[in-house]
Amino acid sequence: MMQVDELVNTTLKERLKEVFGYGQFRGDQEAIIQSILAGRNTFVIMPTGAGKSLCYQLPAIVSEGTAIVISPLIALMKNQVDQLNAFGVNAQFLNSTLSKSEMNKVKKDTLNGTLKLLYIAPESLTKEENLHFLKKATISFVAIDEAHCISEWGHDFRPEYRKIRGIVDDIGNLPVIALTATATPKVQQDIQKNLQMEEADLYKTSFNRKNLYYEIRAKADAKRQLIKYIKQNKGKSGIVYCLSRKTVEEIAELLNVNDVKALPYHAGLDPHTRMHNQDAFLNEDVDVVCATIAFGMGIDKPDVRFVIHYDAPKSLEGYYQETGRAGRDGLEGNCLMFYSYDDILKLEKFNKDKPVTERDNARHLLTEMVSYANVGVCRRRQLLGYFGELLDKDCGFCDNCMKPTEKIKIQHEVTLVLQTVLQTDQRFDAAHLADVLTATANQYVTSYEHDRLAVYGQGRAYSEDCGYWSSLIKQLTIFGFLDKDVENYGVLRISQKGLNFIEDPYPITIFKDHDYAGHEVSKDEHDAETVPTSGGAAHDEELLGLLKALRKKVAKEKNLPPYVIFQDPSMEEMATTYPTTSEEMAQINGVGMGKVQKFGRPFIDLIAKYVEENEIETDTDVVIKSMVNKSKVKIFIIQQIDRKVDLDEIAEAKSLSMEELMEEIEHICYSGTRLSLDYYINQVMDEDRQDEIYEYFMRAETDNIAVALQDFGDDDFTEQDLRLMRIKFLSEVAN
Ligand code: ADP
Ligand code: ZN
């Protein structure tokens, strides 16, 4: 059992509200947090945007010591650290970009226990010097983000991730929480094996991202379609993924020429430009980023409204993760892919030079991609089915649902497929099954003597086209008549539903494949297209606009991305409930008292002014007094001073000016609490000077600072020097 911070004896839910400003846990968050707090290994598989980060952030905050968060991307770490700092949480990262003194600060804060989360890349974790100090620190637990990087069956394999288990064991006997947004059943098994946590508590929530709209269009006249689409979404943030750096540059330029503010982002840019372009996107100086799919973008922006794949991605995992960057805040998110088989051929060519197993894996992944694009079944059913989650209904919110391909009712063909699976002993993949059905004799078919089976060639009466059978087999998998074999890639087995069907067949509806190649886009075809939305809310658009403009301004001043200030759902709520006091503001989802104190004032003022000018009536009865929170700041300050944290850092953590902090400290001191500021005073003043002031207060008639300043006259003591010494004096003398 970990030591949970006793000082703040509140429940998790209260901490959730207090730190993050959220009123409720989402899905399994609370159970997951309890599990890791109880010291159990925990495995979390949740889609992007479901709120995985909170599952380790909150337990880290309430536990004693520092949680290690292993994450593969430096940009992603920076992003999270910024967000946590904005919430007033001490989180830092350790990687190769840090200067010596930054590094020392990280180590110091870890060793003295003030650091709650330490983000670190696996490469840095393996470094001897880092291991050395981590062994000495109090570590609460280890979180492994993007855990699918462990598996070579995933799309983002990183060999150094396979070393994590060993290193963690080296640091100590620590509970591990592994998290990923993408794990086929095969990858899941791999992760658990490698981390030696087969016994872990597993939390797998639906991958369904209900607010995302999936759409695939033929890649014909794609540039015109692209510009048009983005213009229809004017002012919204979006990402365009392209296959090559060259295309990235080209598309970014194309968009700019067409009055869309866009910047490129790929691994070939120098780090400075890359950082700049990413920040420009996060800060909403540009609307669109064009990026390579080869380069993992650490984009954690919650209000990306569209993700476009200008070129086909290499795998469904990649596609799902990239589209997952849309609509993380639960609002509108449109995912559009331009598809042509030429792109697939290009990708196949890239794979040619890879070692055999890698090439095979890459080919499997690509085949799944092709099938996803072609098959006319609900996109969501296909995607979720791929990740091992079978939906029994169409979603109604994807292009295949809204503009279905031709449907056909069949029965005997289904029986044939299922019989073929049985007669080949459930040991083969779709391509082989299709070959048997169409009597395409090749060395495999003959070597297994499958040309002697009863089903051999039986399918030809229906279709001689292997593609037809592959698609049907795919659809039967999505509909649950066939199961994928987890141990052997691509191998299909018959399910109970399939066995029932053989016993008692019935007609089922399948969809014809798309024909992208034969698709000529007429000039007006897409003019009629409208982008569906998942429904609007009843907020005050005008106020929302004003709030967003203000957020942008504040963000610029503070040099932070706008969403770090407030996220869109919070802003929409403000534009619905019109909070005009700090207390009301703190009630908004996503806004805690910390944020109110940090950023709230100008927003409250703006809303108050707006409410007054427009004579809007608000419910002012529900004012909750803020005494508790006020005293919380004081408790925080006392704790920090006990831990000998520099005053400037304390001020920064609570967004106080030095002046305000001094006032708080004086209050604390005047109300009788003894504070020892020596550690700080010794840094800023030598002993002689300290003595001089101390003596003065000993003698003075009053402790009035103005008087003291006057009395000292030309001696160059600052007001702050005098106030610091007065606190020391009063603490020692009066308390
Ligand atoms: P993931 O890591 O699973 O992709 P994030 O951790 O980035 O997702 O969370 C996605 C969004 O959901 C973020 O904007 C986050 O602030 C928000 N969020 C997380 N938990 C909650 C909650 N309990 N209530 C409201 N919003 C939440
Ligand atoms: Zn659908």
Side-chain angles (χ1 to χ4, degrees), residues 5 7-8 10 13-23 54 57-58 61-62 81-91 114 116 547-548 550-567 569-571 573-574 577-609 620 622-641 643 645-669 671 673:
D5 197 339
L7 269 168
V8 190
T10 47
K13 204 164 161 200
E14 281 165 339
R15 297 305 299 265
L16 178 72
K17 179 73 200 164
E18 186 184 306
V19 181
F20 295 97
Y22 297 133
L54 200 102
Q57 289 171 345
L58 190 58
I61 292 165
V62 302
V81 165
D82 282 349
Q83 293 193 28
L84 283 166
N85 291 345
F87 280 120
V89 175
N90 188 358
T114 48
K116 292 284 94 182
L547 287 169
K548 284 192 174 168
L550 175 61
R551 178 177 65 174
K552 198 164 170 180
K553 186 171 145 265
V554 173
K556 265 237 158 63
E557 283 164 16
K558 307 221 181 227
N559 201 15
L560 286 170
Y563 63 85
V564 170
I565 314 281
F566 294 124
Q567 299 203 353
S570 305
M571 306 271 278
E573 198 178 324
M574 289 176 207
T577 61
Y578 306 97
T580 55
T581 64
S582 304
E583 290 74 21
E584 287 171 4
M585 189 61 119
Q587 298 304 308
I588 300 277
N589 253 312
V591 184
M593 223 358 137
K595 274 209 170 171
V596 175
Q597 283 167 355
K598 257 190 151 90
F599 311 117
R601 190 35 59 192
F603 292 86
I604 293 171
D605 291 347
L606 182 139
I607 296 168
K609 185 155 163 270
T620 44
V622 281
V623 177
I624 293 155
K625 293 274 178 278
S626 67
M627 282 311 291
V628 188
N629 289 309
K630 280 242 179 64
S631 66
K632 255 178 207 153
V633 171
K634 293 204 170 66
I635 291 170
F636 178 80
I637 293 171
I638 295 169
Q639 286 174 344
Q640 298 297 301
I641 289 177
R643 290 177 188 152
V645 176
D646 278 359
L647 296 191
D648 350 5
E649 281 176 41
I650 302 178
E652 202 184 298
K654 283 288 160 200
S655 274
L656 299 170
S657 65
M658 205 52 184
E659 169 80 23
E660 289 164 334
L661 178 65
M662 291 301 293
E663 265 171 34
E664 292 286 355
I665 295 176
E666 281 161 358
H667 268 159
I668 294 168
C669 180
S671 59
T673 304

What residues form a side chain to side chain donor-acceptor pair (under 3.5 Å) with [X], not counting sequence neighbours?
X	answer
N85	none
E573	none
E649	K105
K556	D285

Query raised in the report: Is a side-chain donor or acceptor of E660 paired with a backbone partner of L656 at a separation under 3.5 angstrom?
Result: no
If the condition is salt bridge (Lys or Arg N to Asp or Glu O under 4.0 Å), which residues does [X] pass it with, not counting sequence neighbours?
X	value
D648	none
E659	R723
K609	E613
D646	none

Report task. Mind checking ring-ring contact (aromatic ring centres under 6.0 Å, His included) for Y22 and listing every partner two or more places apart, or none if nothing turns up? Result -> none
Requested in this report: Would you please name every residue forming a ring-ring contact (aromatic ring centres under 6.0 Å, His included) with F566, sequence neighbours left out?
Outcome: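 ring-ring contact (aromatic ring centres under 6.0 Å, His included) check on F566 returns F603.
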Query raised in the report: Got a salt bridge between K17 and E14, using NZ or NE/NH1/NH2 to carboxylate O under 4.0 Å?
Result: no
Query raised in the report: Excluding sequence neighbours, so at least two apart, what forms side chain to side chain contact (heavy atoms under 4.5 Å, CB included) with A86?
Result: V564, F599
Query raised in the report: How many angstroms lie between atom CE of M571 and atom NZ of K548, to the nearest 0.5 angstrom?
Result: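 Rounded to the nearest 0.5 Å, the CE-NZ separation comes out at 6.5 Å.
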